[in-house]
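Here, residue 1 is the first one in the sequence, and each next residue gets the next number.
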Amino acid sequence: MIISDAWEPQVNGVVRTLRTITAEMRAMGKTVDIVGPDRFRTMPMPSYPEIKLALFPGRKLARIIEDFQPDALHVATEGPLGMAARAYAKTRGLHFTTAFHTRFAEYLEARTRIPAALTYRWLLHFHKPGSGVMVATQSLREELAGRGFKNLRPWSRGVDLEAFHPTPREDWDLPRPIFAYVGRVAVEKNLKAFLSLDLPGSKLIVGDGPQRKALQAEFPDVHFAGARHGAALAQAYAGADVFVFPSKTDTFGLVVLEALASGLAVAAYPVTGPKDILGEAPVPVGALDEDLRKACLKALEIDRANCRPYAERFSWRACAERFMDNLVPMRETAR
């Protein structure tokens with residue numbers, strides 16, 4: 001059983017990861033249940049109303065867990081459902097795993113100015129009782145180890161190679177080259193760093209979120225295409241010339257893999273996620289630079305033919321298998 005405060009209809013990397021590995025595990029004959037806020041009374045998250053938070057889920061969640069009788073329990077997020085699942089397991093002496101999906105401390109600091117160091121102390125407290133913390137990249141693993149996190153377990157990500165492909169391409173009817181961002185339009189994505197750049201051609205934003213209206217007003221020359229899904233999303237990627245990933249707070253960046261699978265070179269800061277993905281490529285598939293404009297212009301020169309073959313190394317089946325290897329029996333004796 002997977003407990004997650006991030007679940008459908010939310011559109012983000014956590015949801016895509018959990019939805020896809022669940023499908024892979026079921027295809028391997030496993031019985032999997034995901035418990036999200038959709039099963040509870042909810043309230044909108046302050047400053048981000050698109051995200052719904054479960055209200056007082058403890059008793060109902062306990063009944064759901066007991067009815068399902070899982071062999072392994074995974075707590076994916078640190079929200080109300082995650083805290084309730086953690087409390088349920090801890091009070092009963094049950095084992096569970098957790099994952100570090102999101103730089104919650106940095107996001108909270110960006111939105112509320114609560115110091116990240118204070119939030120990391122709470123996050124360390126949250127994850128400590130678990131039997132393993134799954135982490136997407138080596139650089140994040142090293143960083144969290146430096147903050148005192150223990151029992152960190154590697155768990156990379158994958159990409160849907162059937163969904164994302166270099167063709168067909170969206171005809172954006174915009175001046176070339178097109179520098180595109182795909183994803184949530186929110187303050188933690190650092191989009192102003194991209195939209196403020198002096199670049200040739202056009203800037204394109206594919207996605208939606210709480211910052212969209214303000215950014216559209218501030219950057220009227222940028223093309224905001226709104227959210228895309230399915231084939232329309234794949235064609236949106238493929239129709240651009242460079243994928244720009246300005247975030248400094250993501251723990252991985254699934255969109256980076258989706259862009260590479262679509263034949264797009266990536267421009268990003270040399271931070272956790274992009275540097276782990278792009279840094280292992282045998283030939284250039286992206287450009288990393290503290291000067292994001294330089295990274296964008298370098299990425300424009302990269303041969304698009306390099307990108308797809310590298311993305312093909314990232315399998316969702318391997319991701320699901322590693323996830324299962326990291327799980328622990330819920331009722332095993334303490335290790």
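Side-chain atoms of Ser315 come within 3.5 Å of backbone N or O of Arg317 as a donor-acceptor pair. Using modelled atom types, no side-chain atom of Lys30 and backbone atom of Ala27 make a donor-acceptor pair closer than 3.5 Å. Within the 3.5 Å criterion, the main-chain N or O of Met1 finds no donor-acceptor partner in the side chain of Asp33. Side-chain atoms of Asp5 come within 3.5 Å of backbone N or O of Gly82 as a donor-acceptor pair. A donor-acceptor pair is defined here as one N or O able to donate and one able to accept, closer than 3.5 Å; such a pair exists between the side chain of Arg304 and the backbone of Gly263. Counting only distance, with no hydrogens or angles, the side chain of Tyr310 and the backbone of Ile277 share a donor-acceptor pair below 3.5 Å. Using modelled atom types, no side-chain atom of Ser131 and backbone atom of His95 make a donor-acceptor pair closer than 3.5 Å. Side chain of Asp208 to main chain of Ala227: no donor-acceptor pair is present (N/O by atom type, distance under 3.5 Å, no hydrogens or angles).
Pairing each heavy atom of Phe126 with each of Arg86, the nearest pair is O-NE, 2.8 Å. Summarising the geometry of Ser139 relative to Lys275, their closest heavy-atom pair is CB-CE, 3.6 Å, with the distance given to 0.1 Å. In this structure, Ser4 and Val14 approach most closely via the heavy-atom pair OG-CG1, 4.3 Å. Looking at every heavy atom in both residues, Arg153 comes nearest to Asn326 through NH1-O, 2.7 Å. Taking every heavy atom of both residues into account, Ala84 and Gly58 meet most closely at CB-CA, 4.1 Å. Between Leu288 and Tyr269, the shortest heavy-atom contact is CD2-O, 3.5 Å.
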*Could you give me the CA-CA distance, side-chain angles and deciding distance for Leu300 and Phe179, then say whether side chain to side chain contact (heavy atoms under 4.5 Å, CB included) is met?*
CA-CA 9 Å; Leu300 189 60; Phe179 296 88; 4.1 Å; yes
*Would you please test Arg184 and Glu50 for side chain to side chain contact (heavy atoms under 4.5 Å, CB included) and show each step?*
CA-CA 11 Å; Arg184 204 162 62 244; Glu50 292 89 343; over 6 Å; no
*asked:* Is there a side chain to side chain contact (heavy atoms under 4.5 Å, CB included) between Val285 and Leu278? Walk through the geometry before answering.
replied: CA-CA 7 Å; Val285 296; Leu278 304 178; 3.8 Å; yes
*What's the verdict on side chain to side chain contact (heavy atoms under 4.5 Å, CB included) for Leu297 and Leu199, showing C-alpha distance, side-chain angles and the deciding distance?*
CA-CA 8 Å; Leu297 297 177; Leu199 292 170; 4.2 Å; yes
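Under the 4.5 Å side-chain heavy-atom criterion for Ile, Leu, Val, Met, Phe, Trp and Tyr, Trp7 and Met25 are members of the same hydrophobic cluster. Taking hydrophobic clusters as Ile, Leu, Val, Met, Phe, Trp and Tyr residues chained together by side-chain heavy-atom distances below 4.5 Å, Val266 shares a cluster with Tyr237. Transitive grouping of hydrophobic side chains (ILVMFWY, heavy atoms separated by less than 4.5 Å) keeps Trp172 and Phe224 in distinct clusters. Both Phe56 and Ile51 are part of a single hydrophobic cluster, where members link through side-chain heavy atoms under 4.5 Å apart. Linking Ile, Leu, Val, Met, Phe, Trp and Tyr whenever their side-chain heavy atoms come within less than 4.5 Å puts Met83 and Leu94 in one cluster.
Ala261 meets the side chain to side chain contact (heavy atoms under 4.5 Å, CB included) test with Val159, Leu161, Phe164, Arg308, Ala311; sequence neighbours excluded. For Glu142, the side-chain hydrogen bond (donor to acceptor under 3.5 Å, both in side chains) partners two or more places apart in sequence, or in a different chain, are Gln138.
When each of Thr98, Asn151, Thr97 is tested with His127 by the rule side-chain hydrogen bond (donor to acceptor under 3.5 Å, both in side chains), just one qualifies, namely Thr98. Test Ile21, Val15, Thr22 against Ile34 for side-chain contact (heavy atoms from CB on, under 4.5 Å) and you get one pass: Thr22.
Met28 places a side-chain heavy atom less than 4.5 Å from the side chain of Met324. Here the side chains of Leu195 and Ile205 are in contact, with some heavy-atom distance below 4.5 Å. Counting heavy atoms from C-beta outward, Leu191 and Pro246 have side chains that approach closer than 4.5 Å. In this structure the side chain of Trp316 reaches within 4.5 angstrom of the side chain of Thr17, judged on heavy atoms. At a threshold of 4.5 Å between non-hydrogen side-chain atoms, the residues Glu170 and Val206 do not count as touching. In this structure, the side chains of Phe96 and Tyr88 stay at 4.5 Å or more apart for every pair of heavy atoms. The shortest distance between side-chain heavy atoms of Arg141 and Thr272 does not fall below 4.5 Å. Side-chain contact check for Arg103 versus Asp250: every heavy-atom pair is 4.5 Å or farther apart.
Relative to the six-membered ring of Phe40, Lys60 meets both conditions, a distance below 6.0 Å and an angle of at most 45° to the axis.
When only modelled atom types and interatomic distance are considered, His101 and Glu78 share no side-chain donor-acceptor pair under 3.5 Å.
Residue Arg176 qualifies as enclosed at atom CZ: its count of foreign heavy atoms under 6.0 Å is above 12. Within 6.0 Å of CG on Asp71 lie no more than 12 heavy atoms contributed by other residues, nucleotides or ligands. More than 12 non-hydrogen atoms from other residues, nucleotides or ligands lie less than 6.0 angstrom from CZ of Arg19. No more than 12 heavy atoms of other residues, nucleotides or ligands lie within 6.0 Å of CZ in Arg121, so this atom counts as exposed by the packing criterion. Annotation: Glu162, atom CD; neighbour count of heavy atoms from other residues, nucleotides and ligands within 6.0 Å does not exceed 12.
For the atom pair NZ of Lys203 and CD1 of Ile178, the computed distance is 12.5 Å after rounding to the nearest 0.5 Å. Between the CZ atom of Arg157 and the CG atom of Leu257 there is a distance of 10.0 Å, given to the nearest 0.5 Å. Note that the SG atom of Cys296 and the CG atom of Asp241 stand 12.0 Å from one another [nearest 0.5 Å]. How far OG1 of Thr119 is from CD of Glu106: 8.5 Å, rounded to the nearest 0.5 Å. To the nearest 0.5 Å, the span separating CD on Gln216 from NE2 on His223 amounts to 9.5 Å. Here the CD1-CD distance, from Ile64 to Glu66, works out to 10.5 Å after rounding to the nearest 0.5 Å.
Using a cutoff of 4.0 Å between basic side-chain nitrogens and carboxylate oxygens, Glu280 and Arg313 are not scored as salt-bridged.
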